[in-house]
Enquirer: 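Just passing along the structure, written as structure tokens.
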Amino acid sequence: MAVNLKGRDYISIHDFTVEEFRELLDMAHYLKRLRLAGADFRPLAGKALAMIFHKPSTRTRISFEVGMMQLGGQALYLSAGELQLRRGETIGDTAQVLSRYVDGILIRTFAHQDVTDLAKYASVPVINGLTDLLHPTQALADVMTIEEKMGGLKGVKLAYIGDGNNVAHSLMFASAKCGIKMALACPEGYDPLPEIVRQAREDAVETGASIELYRDPFEAVAGADVVYTDVWASMGQETEHAKRAEALKQYQVNRKLMSAANRGAIFMHCLPAHRGEEVTDEVMDSKQSAVFDEAENRLHAHKAIMALLL
Ligand code: CP
Ligand code: NVA
């Protein structure tokens, strides 16, 4: 049966079947080709997306805003501090009111529960633009980038080095849906959540993917086609920065670590990067670095999410 995602929320990649996630990926590649060919495609003419941001953003905000414009619709940036939400209006009431005006709601926030609450009360699709737990719009653009660079996904080895955070969690779910062999190396105390690992491993059975956990970054990158890292202190963890930098200092992606991966391996990072911490300038600016193609693909991937769900 044809896949129909109209009206669905995009909260976690775990919520989608392998076929549904494939549809999102195929649409992302298609919309990129259309854009490169200069073709106009405006399936969302007259539609609006509300975007609530409780945390800063460069890529997510701008790519959704521009993407919505390219699809013929309009995005509204709503800084949380300027909404009545900050003065005590509930998430449920906000969701119901926004649903009377707009055709979709994106939210970037701290507690994951806020996104699921919003989705419970909204009658339009809700898109998770990052929580402390997950970053699923990022992971769609990431597997799209890997597919472009590697020519496929099944059997590709992805090594994630560093903090087992929101980005790592969504990458595990995306890898599981796509048959990617993912190896994570995180220091003790910074492992991904056991419940997310368990769910991703469950998903992995269907596609032949695997999720393996290591302490030693060199062990994790052996045979890797992709080496991925993220910041040591995520948004909201600024006060823990010194402690985290100490715990994660052996997990820097530098030339030595990259040379332990496959020849031709690419380097990825969701950005923003803290150069000199989790990654060196040398790696960020090397020929192996795919970070700016990855950032560009946020635009195409987000357009796919909106075109299929809204
Ligand atoms: N990677 C990412 O989500 O970037 P922003 O925080 O700039 O949106
Ligand atoms: N883990 C990072 C990702 C930023 C896009 C954070 O949550 O701040």
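Counting convention: from 1, in listed order, for ligands and their atoms alike. Keep in mind that this is a model prediction, so the values were computed, not measured.
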Enquirer: Considering heavy atoms of the protein only, find what lies nearest to atom 8 (O) of ligand 2 and give residue, atom and distance to 0.1 Å.
Expert: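 In this structure, atom 8 (O) of ligand 2 has Met235 N, 2.8 Å as its nearest protein heavy atom.
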Enquirer: Hey, does the side chain of Gln84 reach the backbone of Glu89 with a donor-acceptor pair shorter than 3.5 angstrom?
Expert: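 Not a single qualifying donor-acceptor pair exists.
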Enquirer: Any ring-ring contact (aromatic ring centres under 6.0 Å, His included) pairs touching residues 191-245, not counting sequence neighbours?
Expert: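 Non-adjacent pairs meeting ring-ring contact (aromatic ring centres under 6.0 Å, His included): Tyr160-Tyr228.
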Enquirer: Checking contacts here: is it the side chain or the backbone of Asp163 that comes within 4.0 Å of ligand 2, counting heavy atoms only? Could be both or neither.
Expert: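 The answer is neither.
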Enquirer: Among all the protein's non-hydrogen atoms, which is closest to atom 3 (C) of ligand 2, and how far away is it?
Expert: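 Looking at atom 3 (C) of ligand 2, the protein heavy atom closest to it is Asp230 OD2, 3.6 Å.
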Enquirer: Would you say that Asp191 contacts Arg215 through its side chain, given a criterion of any heavy-atom pair below 4.5 Å between the two side chains?
Expert: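 Yes, close enough: below the 4.5 Å cut-off.
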Enquirer: Answer yes when Lys249 and Glu277 have at least one side-chain N-carboxylate O distance shorter than 4.0 Å, and no when they do not.
Expert: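 Salt bridge flag = no for Glu277 with Lys249.
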Enquirer: Between Ser234 and ligand 2, does any nitrogen or oxygen pair lie at a separation below 3.5 Å?
Expert: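 Indeed, backbone or side chain, Ser234 has an N or O that close.
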Enquirer: Does a salt bridge link Lys149 with Asp293, judged by any charged N lying under 4.0 Å from a carboxylate O?
Expert: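 A salt bridge links Lys149 with Asp293.
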Enquirer: Does only the side chain of Leu271 get under 4.0 Å from ligand 2, or the backbone, or both, or neither? Count heavy atoms.
Expert: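 Near ligand 2, Leu271 shows its backbone, while the atoms from C-beta on stay back.
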Enquirer: Distance under 4.0 Å, heavy atoms only, partner ligand 1: which residues pass?
Expert: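 Residues Ser57, Thr58, Arg59, Thr60, Arg108, His135, Gln138, Cys270, Leu271, Arg298 each place a heavy atom under 4.0 Å from ligand 1, listed by chain and number.
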Enquirer: Could you check whether any side-chain N or O of Glu278 sits under 3.5 Å from a backbone N or O of His274, counting only pairs where one atom can act as donor and the other as acceptor?
Expert: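 Present.
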Enquirer: Purely on distance, is any nitrogen or oxygen of Val231 under 3.5 Å from one on ligand 2?
Expert: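 No.
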Enquirer: Has Glu20 got a side-chain atom pairing as donor or acceptor with Thr17's backbone, closer than 3.5 angstrom?
Expert: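 Confirmed, Glu20 side chain pairs with Thr17 backbone.
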Enquirer: Scan the side chains in residues 171-181 for donor-acceptor partners under 3.5 Å anywhere in the protein, sequence neighbours excluded, and list what turns up.
Expert:
residue: Ser175; atom: OG; partner: Leu171; partner atom: O; Å: 2.8
residue: Lys177; atom: NZ; partner: Phe16; partner atom: O; Å: 2.7
residue: Lys181; atom: NZ; partner: Gly208; partner atom: O; Å: 3.2

Enquirer: Scan residues 38-88 for pairs that pass ring-ring contact (aromatic ring centres under 6.0 Å, His included), counting only residues two or more places apart or in two chains.
Expert: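 Non-adjacent pairs meeting ring-ring contact (aromatic ring centres under 6.0 Å, His included): Phe53-Tyr77, Phe64-His302.
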Enquirer: In terms of residue, atom name and distance, what is the protein heavy atom nearest to atom 7 (O) of ligand 2?
Expert: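 The closest one turns out to be Asn166 ND2, 2.8 Å.
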